[in-house]
Amino acid sequence: MAASTASTAAAGCATTSSSLNARIHPSTTSFALPMRNKNPQKPLHVKNPISEFVSAHKTSPDADSVVSFDGDDKPREECGVVGIYGDAEASRLCYLALHALQHRGQEGAGIVSVHDDVLHSVTGVGLVSEVFSESKLDKLPGDMAIGHVRYSTAGASMLKNVQPFVAGYRFGSVGVAHNGNLVNYQALREELEENGSIFNTSSDTEVVLHLIAISKARPFFLRIVEACEKLEGAYSMVFLTEDKLVAVRDPFGFRPLVMGRRSNGAVVFASETCALDLIEATYEREVYPGEVIVVDKDGVQSVCLMPHFEPKSCIFEHIYFALPNSVVFGRSVYESRRKFGEILATESPVDCDVVIAVPDSGVVAALGYAAKAGVAFQQGLIRSHYVGRTFIEPSQKIRDFGVKLKLSPVRAVLEGKRVVVVDDSIVRGTTSSKIVRLIKEAGAKEVHMRISSPPIIASCYYGVDTPSPGELISNRMSVEEIRDYIGCDSLAFLPIDSLKGMLGGDATSFCYACFSGKYPVEPTGKVKRVGDFLDDGLSGSMESIDGGWLSETRNKEEEGVKSSA
């Protein structure tokens, strides 16, 4: 796909109504809405809102023996969404699509369908295959459905936060599934609560439902527009009413959302094209940043939601989150990762005998590195797919037990060899150091780490679970210090200028905040860094988690209290 595709698609919401109509549907209608201006933002750093709280409040005497290792040194995507209109098997197709999106969230799943003007909902904690059964899918009749897979921390109170959410209001019912994170969530919630709103969850998504309920706009999709005009941050959402499916994407297009069609005419929305592929839907285009698409019996209508900013799509979708067989932001994820590996081989070469990957996310970049370097790619680490996210370590004396359960070195590939190990990122550095040690214990003569992303130095506020800057190893160490810490013979990251050069004309349409600390939309006050603030087993008021404050804002408030005393 041409490199300019992403920027062309991203500009689509600004297209004239006639050309946009022709691209979407013969019956499409476009509406121009008033624009809001936003001021340029300054970067701020934030502490991890819950890490300090959790460490100070162990959930059990044995909490130290519970080891998290499934991606414990990786950013985590928040969730995935899907919506289907016009297929008698809508809920079952949703179920299949959620399987394809399972990598975006493994700890909760849900589907809402519509039948006889009634919204039916099934949600649960666990994988898609654990939440749904034939009997549960039978409870989801109708030709419209939306679905959601969710990542969050574990805990007894998690179920109440599993989406899609369903709410009744004076004109009917609405369901919503959301991928992203609202940076002005707390301010909106406080305003709503002051006006009498009652919240059932700690999820920012519930704010959207309240804003829709209090809106006086007609028809319904204009309620969504009015609500979204008050939101700041990242949101790709699908809504379901008694007779409509609505998809919306924030004006910066942080998180992905695509549109496709099945051969029977059913319209499908999903976070990634891999979900379309699985249910045999043809990819048509992205939902443009700042666009609302309404699907009902009259066809497909497109609404320009708010001002068309320069898109700031999450570059980590191409580095790590999305599946390689997806097209995200108009680009093939596989091709992006292969080129990342080629750049590393060109700009950070090293004499080696074999190239291996940290499975699974480093594989495609490793293939690109090996092909460019003219060195054999081999499977030097075998990943177990049957180990959960956490386990109870039987003895603290068993060093690196978690990583050994997850990754097994192949001595025949590694022994006596100079090995290049390609991984997609280094976050804390803990897992990388253990992987280097495993490979050296398997007999490798040299271990050279090549990372197919620039160093991560800042937290993300837009729907990605990243640690606080103080926990990010690249925020406090130089490349040479990191190399020494993880114990490899050489270390190189993908240069950010080379990354942007590879993206060409689309480079300015991506968000690089985690590499630069420069945020397109600045969070203010108390923010939910990611996901649900109190969710999932933590008790106490929002104010009890001190790390949730942006330090600059908190200091100003404390100064105000002192001056008024």
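- Side-chain polar atoms of S263 and E280 form no donor-acceptor pair below 3.5 angstrom.
- Using modelled atom types and a 3.5 Å distance limit, the side chains of Q163 and T123 yield no donor-acceptor pair.
- For an aromatic pair to be called close, the ring centres must be under 6.0 Å apart, and F199 with H210 satisfies this.
- Atom NZ of K216 and atom CZ of R218 lie 12.5 Å apart (nearest 0.5 Å).
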For this session: List the steps and the verdict of ring-ring contact (aromatic ring centres under 6.0 Å, His included) for Y461 and Y519.
Result: CA-CA 9 Å; Y461 301 107; Y519 296 101; 4.8 Å; yes

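- The shortest non-hydrogen separation linking T273 to S326 is OG1-CA, 3.2 Å.
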Problem set entry | Trace of the side-chain contact (heavy atoms from CB on, under 4.5 Å) decision for Y235 with R249 | CA-CA 6 Å; Y235 52 90; R249 195 165 167 220; over 6 Å; no

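- Here the CG-CG distance, from L188 to D204, works out to 10.0 Å after rounding to the nearest 0.5 Å.
- Ion pairing between a basic and an acidic side chain is recognised when a charged N comes within 4.0 Å of a carboxylate O; R223 and E226 show no such pairing.
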For this session: Determine, step by step, whether V174 and L209 satisfy the side-chain contact (heavy atoms from CB on, under 4.5 Å) criterion, reporting the C-alpha distance in whole Å, the side-chain angles of both residues, the deciding distance to 0.1 Å, and the verdict.
Result: CA-CA 8 Å; V174 58; L209 292 175; 3.7 Å; yes

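- N264 and D87 share a donor-acceptor pair across their side chains, judged by distance under 3.5 Å alone.
- Scanning all heavy atoms of the two residues, the minimum distance from F329 to E286 falls at CA-OE2, 3.2 Å.
- In terms of modelled atom types and a separation under 3.5 Å, the side chain of S113 and the main chain of P141 share a donor-acceptor contact.
- Judged by distance alone, the side chains of E347 and S498 do bring a donor and an acceptor atom under 3.5 Å apart.
- Within the model, atoms CD of E206 and CG of L211 stand 11.0 Å from one another, a figure rounded to the nearest 0.5 Å.
- For the residue pair S452 / D424, no side-chain donor-acceptor distance below 3.5 Å is found, with atom types taken as modelled.
- By the 4.0 Å N-to-carboxylate-O rule, R92 lies close enough to D138 to be salt-bridged with it.
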Exercise. Between S203 and N161, is a side-chain contact (heavy atoms from CB on, under 4.5 Å) present by the stated rule, with each step listed?
Worked result: CA-CA 6 Å; S203 170; N161 291 291; 3.8 Å; yes

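- In this structure, the side chains of R337 and P324 come closer than 4.5 Å at one or more pairs of heavy atoms.
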Exercise. Passes side-chain contact (heavy atoms from CB on, under 4.5 Å), I84 versus F269? Steps please.
Worked result: CA-CA 6 Å; I84 297 172; F269 299 99; over 6 Å; no

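- Salt bridge annotation for E342-R338: present, with a cationic side-chain nitrogen under 4.0 angstrom from a carboxylate oxygen.
- Classification of E191 and R189 as a salt-bridged pair fails, no side-chain N sitting under 4.0 Å from a carboxylate O.
- If you check the side chains of T241 and D243, you find a donor sitting under 3.5 Å from an acceptor.
- Residues L98 and V82 have side chains in contact (heavy-atom distance under 4.5 Å, counting atoms from C-beta outward).
- Listed for the Y85 side chain is a donor-acceptor partner under 3.5 Å among the backbone atoms of K297.
- For the pair Q102 (side chain) and H99 (backbone), a donor-acceptor distance under 3.5 Å is absent.
- Between the side chain of E232 and the backbone N or O of V521 there is no donor-acceptor pair closer than 3.5 Å.
- Between the side chain of N184 and the backbone N or O of K230 there is at least one donor-acceptor pair closer than 3.5 Å.
- A90 and G142 get closest at one heavy-atom pair: CB-O, 3.7 Å.
- Shown here for G124 and V162, the closest heavy-atom pair between the two residues is O-CG1, 3.8 Å.
- Remark: E89 does not engage R262 in a salt bridge, criterion side-chain N to carboxylate O under 4.0 Å.
- Annotation: cation-pi pair K500/Y512 present, NZ/CZ under 6.0 Å from the ring centroid and within 45° of its normal.
- Annotation for A322 and V328: closest pair CB-CG2, 3.7 Å, computed over non-hydrogen atoms.
- We find the CD1-CE distance between I293 and M259 to be 5.0 Å, quoted to the nearest 0.5 Å.
- Residues T346 and K372 come closest through the heavy atom pair OG1-CE, 3.5 Å.
- The main-chain N or O of A234 is never found under 3.5 Å from a side-chain atom of N181 such that the two would form a donor-acceptor pair.
- Without hydrogens or angle criteria, S425 side chain to V427 main chain gives no donor-acceptor distance under 3.5 Å.
- Separation of atoms CG (L222) and CD (E229) is listed at 9.5 Å; rounding is to 0.5 Å.
- The SG atom of C94 sits 12.0 Å away from the NE2 atom of H148 when rounded to the nearest 0.5 Å.
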